[in-house]
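Some notes on the structure that comes next.
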Protein chains: 2
Amino acid sequence: MTPVEQRFVQHFGEMGSRWGINRTVGQIYALLYLAERPLNADEIAERLGFSRSNVSMGLKELESWSLVRLQHQAGDRKEYYSTPDDVWAIFRTLAAEKRKREVDPTLSMLREALLEPPGEAGAAHAMQRIRAMHELIELASRWFDDVQRLDSKTLMQLMRLGSRVQRLLEAKNRMTLVGGRRGGG
Amino acid sequence: MTPVEQRFVQHFGEMGSRWGINRTVGQIYALLYLAERPLNADEIAERLGFSRSNVSMGLKELESWSLVRLQHQAGDRKEYYSTPDDVWAIFRTLAAEKRKREVDPTLSMLREALLEPPGEAGAAHAMQRIRAMHELIELASRWFDDVQRLDSKTLMQLMRLGSRVQRLLEAKNRMTLVGGRRGGG
DNA sequence: CAGTACGTTCAGGAATTACTGAAAATTCTA
DNA sequence: TAGAATTTTCAGTAATTCCTGAACGTACTG
């Protein structure tokens with residue numbers, strides 16, 4: 001590994017805990033991300049100096065995040081792992097997994113809380129707060145679902161547009177007002 | 001606390017580790033979020049059953065995330081804490097802090113890696129991968145900065161639009177093509 | 001079938017992170 | 001300034017998470 005590659009791998013290890021994964025998993029991912037060809041578990045263990053079993057667990061973890069792809073090579077029984085080439089695809093995957101793990105459980109909890117009959121639930125103020133949080137998260141994750149479906153090109157265009165999207169929305173509003181409103185809610 | 005409130009607080013405690021904070025901090029935040037009035041550290045310690053010192057540390061942590069506001073009450077020397085009312089403001093704050101802690105350090109690392117003279121850096125493929133990741137993160141965080149500046153109303157409109165933004169972008173593209181392109185990059 | 005080449009599991013030790021109580025620091029009052 | 005009220009710090013312990021080596025499982029080969 002070149003010094004730059006080492007720094008990259010090291011960094012992913014250090015950031016791991018902030019990202020909700022551990023050092024090993026972070027470094028394995030970083031190594032695979034940079035690798036020119038798929039690597040097998042022994043190669044990973046060797047290059048990173050981790051035990052074979054640790055690498056096995058790390059790869060399972062990465063598989064559960066759908067962040068690595070398993071392949072086989074002709075005439076070799078070993079399992080080879082790689083990351084997708086398209087960084088935008090990676091970004092989407094990551095976002096989807098984070099949502100599933102970090103947001104959805106909360107959404108369920110909020111939904112259940114709101115189903116509680118008002119009398120049982122008590123404290124009106126708290127219920128109001130719960131409702132507000134639920135609305136925001138619901139809206140944000142619905143938006144996320146939607147944007148997930150955009151192709152990479154459109155997504156990039158949207159991002160490049162940045163806050164200038166505001167002008168576009170204003171233009172749209174003017175047109176909608178002129179043309180009349182359809183639908184409701 | 002009503003059962004619903006208890007479940008809410010409990011949930012924030014349990015999710016804490018996934019969100020990169022600890023149980024105590026999560027529960028303190030949840031309690032403050034639901035509370036009808038600001039609470040002081042003793043009240044928090046009492047209601048959650050944590051030690052006074054733990055609450056003190058938790059509040060410091062929440063302050064470092066700018067997620068709580070410190071107030072004083074007339075004729076009372078105790079420090080009272082509350083969360084902002086506007087959930088969209090909270091959302092923004094959270095996003096900004098997450099970016100600062102979880103994204104910016106990586107961006108710096110990538111930037112430095114790209115400054116390395118090609119000969120020194122070695123492996124062209126790895127450098128290409130680093131460049132791709134850098135581009136994506138740079139673009140995404142620039143977009144984030146931009147969107148942060150939108151007022152809550154516009155932000156909500158954008159989210160409600162969801163993937164229908166694509167049509168808007170297409171309309172814009174048509175107009176841009178017809179009217180001619182300005183600027184470059 | 002025995003032997004080999006893998007991958008996985010898991011008990012237990014290492015490392016890290018969270019929490020507490022006691023002591024110290026700070027801030028206010030008289 | 002002494003004293004009371006409050007917050008903060010921190011050393012030590014509890015709890016949790018991470019990592020390893022050894023044992024085990026599985027699938028292929030001859």
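The sequence lines fix the lettering, A, B, ..., with proteins before strands; numbering per chain opens at 1.
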* **Six-ring centre of A/Y33, B/R129 cation under 6.0 angstrom, axis tolerance 45°** => yes
* Structure fact -> In whole angstroms, the gap separating C1' of C/dT8 from CG of A/D42 amounts to 14 Å
* **d(CE, B/M57; C1', C/dA24) in whole Å** => 15 Å
* **Distance below 4.0 Å between A/T24 side-chain N/O and D/dC19 OP1 or OP2** => yes
* CZ of B/R18 versus C1' of D/dT16: gap in Å, rounded? -> 15 Å
* N/O donor-acceptor pair, side chain A/S53 with base D/dG21, under 3.5 angstrom -> yes
* Under the side-chain hydrogen bond (donor to acceptor under 3.5 Å, both in side chains) criterion, do A/R101 and A/S64 qualify, and how do the steps go? -> CA-CA 11 Å; A/R101 294 159 193 246; A/S64 85; 3.2 Å; yes
* Asked: If you take atom types as modelled and just measure distance, does the side chain of B/R77 reach the base of D/dT6 with a donor-acceptor pair under 3.5 Å?
  -> no
* Looking only at side-chain atoms of A/S56, point me to the closest of C/dT9, D/dC10, C/dC6. => C/dT9
* Across the strands shown, which category fits B/S17 at heavy-atom distances under 4.0 angstrom: base, sugar-phosphate, nothing? -> nothing
* Check whether any side-chain N or O of B/R18 sits under 3.5 Å from a backbone N or O of B/E14 as a donor-acceptor pair, and report yes or no. => no
* For the rings on B/W19 and B/F12, is their centre-to-centre separation under 6.0 Å? -> yes
* Asked: Does a nitrogen or oxygen in the side chain of A/K60 sit under 4.0 Å from OP1 or OP2 of C/dT8?
  -> yes
* CD of A/E79 versus C1' of D/dC28: gap in Å, rounded? -> 14 Å
* In whole angstroms, how far is the P atom of C/dT8 from the NZ atom of A/K78? -> 14 Å
* To do: Decide, yes or no, whether a salt bridge links B/D145 with B/R99 under the criterion of side-chain N to carboxylate O below 4.0 Å.
  => yes
* Rounding to a whole Å, what distance do you find between A/N22:CG and C/dA14:C1'? -> 14 Å
* **d(CD, B/E14; C1', D/dT16) in whole Å** => 15 Å
* Structure fact -> Nearest-nucleotide check on DNA chain C, B/R23 vs A/D76; residue mapping nearer the 5' end is A/D76
* To do: Would you mind classifying the nucleic acid contact of A/R52 as base, sugar-phosphate or nothing, using non-hydrogen atoms under 4.0 angstrom?
  => base
* Structure fact -> Rounded to whole Å, CD of B/Q27 lies from C1' of C/dC19 at a distance of 13 Å
